[in-house]
2 protein chains.
Amino acid sequence: MDVQRLELLRELADRGSITAVALATHRTPSAVSQQLKVLEREAGLQLTQRHGRGLVLTDAGRALARSATDVAVSLAKATALWDEFRNNATGDVSLVTFPTAGQMLLPGVIKDLGPGLVLNCADEDPELSDFPALTAEYDIVLAHSISGQLSWAGRGLTVVPLMNKPLDVGLPVGHPLADRAWVRPSDLIGETWIGVSDGYPFERILHAIEQEAGAHLSMAQRFADLALIESFVIAGLGIALVPRYTSSGGQPGRLVLKPLRGVESQRQIVALMRPDRAERLAVRTVLGALRAQALQVQHSHTVK
Amino acid sequence: MDVQRLELLRELADRGSITAVALATHRTPSAVSQQLKVLEREAGLQLTQRHGRGLVLTDAGRALARSATDVAVSLAKATALWDEFRNNATGDVSLVTFPTAGQMLLPGVIKDLGPGLVLNCADEDPELSDFPALTAEYDIVLAHSISGQLSWAGRGLTVVPLMNKPLDVGLPVGHPLADRAWVRPSDLIGETWIGVSDGYPFERILHAIEQEAGAHLSMAQRFADLALIESFVIAGLGIALVPRYTSSGGQPGRLVLKPLRGVESQRQIVALMRPDRAERLAVRTVLGALRAQALQVQHSHTVK
DNA sequence: ATGAATTATTTAGACTAGCTACATGGACGT
DNA sequence: ACGTCCATGTAGCTAGTCTAAATAATTCAT
């Protein structure tokens, strides 16, 4: 059985339509259709089924597509192996990130990459996007997951943890808690809060604080934009949860960050990839640079 | 990179010459040579090297060939998967065995196989043959290994244990030890032995008995042929080591078998295969039949 | 030492498989 | 009902892979 045909079936499983596969593989839909037809004839069983004007995979088709992934992985491993022999981590790697992670990691990463390795970046709104679906378009998808929530591990995707993204409590200079080394939920009772909009991931942490402290937090404002929130905190209008590594780096000393203990506030940045793409040497190199950069970011903040 | 080309490289690693690969893959040597040349050009590094009038693989070539095996395995898994979907365990399976194992297992196995699955058997002298090399020619190679001796596990071959082949002590009817349930090495001191020719695997067991009993065994005769040995034992001219399941089945009651305790006399019949071929549904089916038959042989002897 | 045999490679030419371009046929939305 | 979107069918072209025959390099035997 031809590997190329299996690959087309896998793409079909990922993208859902023949035209999408054709577009992705630089072919005409006719070519794709023909090859899938040949594959079906060779397999001797129905792999696709018409559904409306599109088509869906049968059970057999899905199963075959899954095993096609294994083939793609071992093939990618083979090519990676000989790239290693040639010491040749070159090629194009495409990456998509949500803005804060990109701001934190990407500039440093791109500087670290040797010549011949081109990293092509884009950003997506984390609220609107379906991260797993993006792996069809991009080699690496930077996503965040509340630690423990590995919802997309089962989808057959490779997920590599890159760094923890702790949330701190942001205080104005001169706040009574500002000389503490860290704060607990019970310390925060009675404070005025600058909160985030409904549905944002921070909210879950705020609820956890309420639960732990056994009191209701008074929420003065609700903003979506982080810089806005910080400006309110700096102005002394309340305190807020802020990500440790992406808080206003420009104006140091005007915002005091305190680690929060007693609540699981660790969110995680992970790289999400198709298993086969994760094997490419160029991709693995970028991944290594991402980890290194993540370490450096963490280090530079703990030292300070 | 094309899988077919990788496959050719793997065949070259297994068979050692381009003409052999060409013969095995039903191509002309020219075609093979061309494809390998293309592969080398794509890889960008030397994979083969001339050595005399033939050629040998470079380190890179060997490494690539190894990873080509992984590709072949996942591909075989894919085709096996859809054979399972169609419930279609058909095709040709070739098998080579040493005579005693074949006599013991094959007739029953072939009867058990459904229509469409053709099992093609051959036999080889176990003393003369290089079992691992035979996996290039045959899908399944039945070999025996002293238990614990997994010399060919590292070679990248799949090895499936099928059954234990215990050695018993063969006694003539009416022998003093004939009413025992089992015998120990110390019981055997002073007996006259009918031994095997030098270099046969039984010899190692005989040495172990000597070691354990702390005495020298007097070896009256040395024969290679098992039937000959047995006829001597039956005639009361000595005792001998005989394989439990393949001793003269024709004349029951004329030879008494006693299990030997205190010495590791367990030899094992294993199936040796290339990893990719081991995945084929037809091959796995044959393997299952072999195990079933092995169980049945063991059972029929313990009951009796 | 020379000729015969074995092994890999080159070249040229034939064949085949897969692609594009265009046309056809259902299914959905307005 | 019409236009649109998607999959598929058909015809022809292209590119890649095979065979066949010739060449080159090395070993073996007499």
Side-chain angles (χ1 to χ4, degrees), chain A residues 1-58 60-62 64-65 68 71-72 75 79 133 136, chain B residues 1-58 60-62 64-65 68 71-72 75 79 133 136:
Chain A
M1 3 329 341
D2 190 48
V3 181
Q4 299 229 56
R5 283 193 263 269
L6 268 183
E7 184 64 21
L8 286 180
L9 184 68
R10 193 171 76 93
E11 290 286 351
L12 182 62
D14 277 2
R15 301 183 191 268
S17 87
I18 288 210
T19 37
V21 174
L23 221 56
T25 60
H26 310 292
R27 272 182 266 241
T28 52
S30 174
V32 177
S33 179
Q34 287 174 58
Q35 291 308 309
L36 286 176
K37 186 125 299 207
V38 173
L39 188 65
E40 241 177 9
R41 210 159 42 78
E42 282 181 344
L45 37 82
Q46 212 173 357
L47 300 176
T48 63
Q49 215 168 351
R50 297 217 62 147
H51 183 255
R53 52 187 164 185
L55 43 73
V56 291
L57 291 176
T58 62
R62 254 188 303 280
L64 267 199
V71 178
L75 244 171
T79 77
Chain B
M1 3 325 347
D2 190 48
V3 180
Q4 298 229 57
R5 282 194 264 269
L6 266 184
E7 183 64 21
L8 286 181
L9 184 68
R10 192 172 75 93
E11 290 287 350
L12 182 61
D14 277 2
R15 302 183 190 267
S17 87
I18 288 209
T19 36
V21 174
L23 220 57
T25 60
H26 309 291
R27 272 181 268 239
T28 52
S30 171
V32 177
S33 178
Q34 288 175 60
Q35 292 308 309
L36 287 177
K37 187 125 297 207
V38 173
L39 188 66
E40 240 176 11
R41 209 160 43 78
E42 282 181 344
L45 37 83
Q46 212 173 357
L47 300 176
T48 63
Q49 216 169 351
R50 297 217 60 149
H51 182 255
R53 54 187 164 185
L55 42 71
V56 292
L57 291 175
T58 62
R62 254 189 305 279
L64 266 198
V71 177
L75 244 171
T79 76

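Every chain is numbered from 1, with letters handed out A, B, ... down the list of sequences.
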**Prompt:** Just by distance, with hydrogens left out, do A:T19 and A:S17 show a side-chain donor and acceptor under 3.5 Å apart?
**Reply:** yes
**Request:** Over all heavy atoms of both residues, which pair between B:L8 and B:V32 is shortest? Give the atoms and the distance, please.
**Result:** CD1-CA, 4.4 Å
**Request:** Using a heavy-atom cut-off of under 4.0 Å over every strand shown, decide if B:Q34 touches base, sugar-phosphate, or nothing.
**Result:** base
**Asked** Can you check whether B:L12 reaches B:L55 side chain to side chain, under 4.5 Å on heavy atoms?
**Response** yes
**Request:** Report the distance from atom CD of A:Q35 to atom P of D:dT8, rounded to the nearest whole Å.
**Result:** 13 Å
**Asked** For B:L23 and C:dT6, what is the distance between atoms CG and P respectively, to the nearest whole Å?
**Response** 13 Å
**Fill in**
Side-chain contact check for B:S33: nearest option of D:dA20, C:dT20, C:dT10 is C:dT10
**Item:** Rounded distance in Å - CD (B:Q46) to P (C:dA8)
**Value:** 15 Å
**Prompt:** How many Å lie between CD on B:E42 and P on D:dG16, as a whole number?
**Reply:** 10 Å
**Request:** Please examine the side chains of A:E42 and A:R5, heavy atoms only from C-beta on, and report whether any two atoms are closer than 4.5 Å.
**Result:** yes
**Distance in angstrom units between B:L36 CG and C:dT7 C1', rounded** = 14 Å
**Asked** A:R50 has an atom CZ; how far is it from atom C1' of D:dC6, in whole Å?
**Response** 7 Å
**Message:** Measuring from the side chain of B:K37 (C-beta onward, heavy atoms only), which nucleotide among C:dT10, D:dA7, D:dA20 has the closest atom?
**Reply:** C:dT10
**Prompt:** Which one, D:dA7, C:dA8, C:dG26, comes nearest to the side chain of A:T19?
**Reply:** D:dA7
**Whole angstrom value for the distance that separates P of D:dT26 from NE2 of B:H51** = 12 Å
**Asked** Of all the choices, D:dC6, D:dA7, D:dG9, which nucleotide is nearest to the side chain of A:R53 once you look at every atom?
**Response** D:dC6
**Prompt:** Looking at B:S33 and B:I18, what are the two nearest heavy atoms and their distance?
**Reply:** CA-CD1, 4.0 Å
**Which residue lies more 5' along DNA chain C, comparing A:G52 with A:R5 via nearest heavy atoms** = A:R5
**Complete:** Closest of C:dA8, D:dT10, C:dT10 to the B:L55 side chain is C:dA8
**Message:** D:dA21, OP1 or OP2 - any side-chain N/O from B:S30 closer than 4.0 Å?
**Reply:** no
**Request:** Take the protein atom CZ of B:R27 and the nucleotide atom P of D:dG16, then report the distance between them rounded to whole Å.
**Result:** 17 Å
**Item:** Of the listed nucleotides D:dA7, C:dT9, C:dC19, the one nearest the side chain of A:A31
**Value:** C:dC19
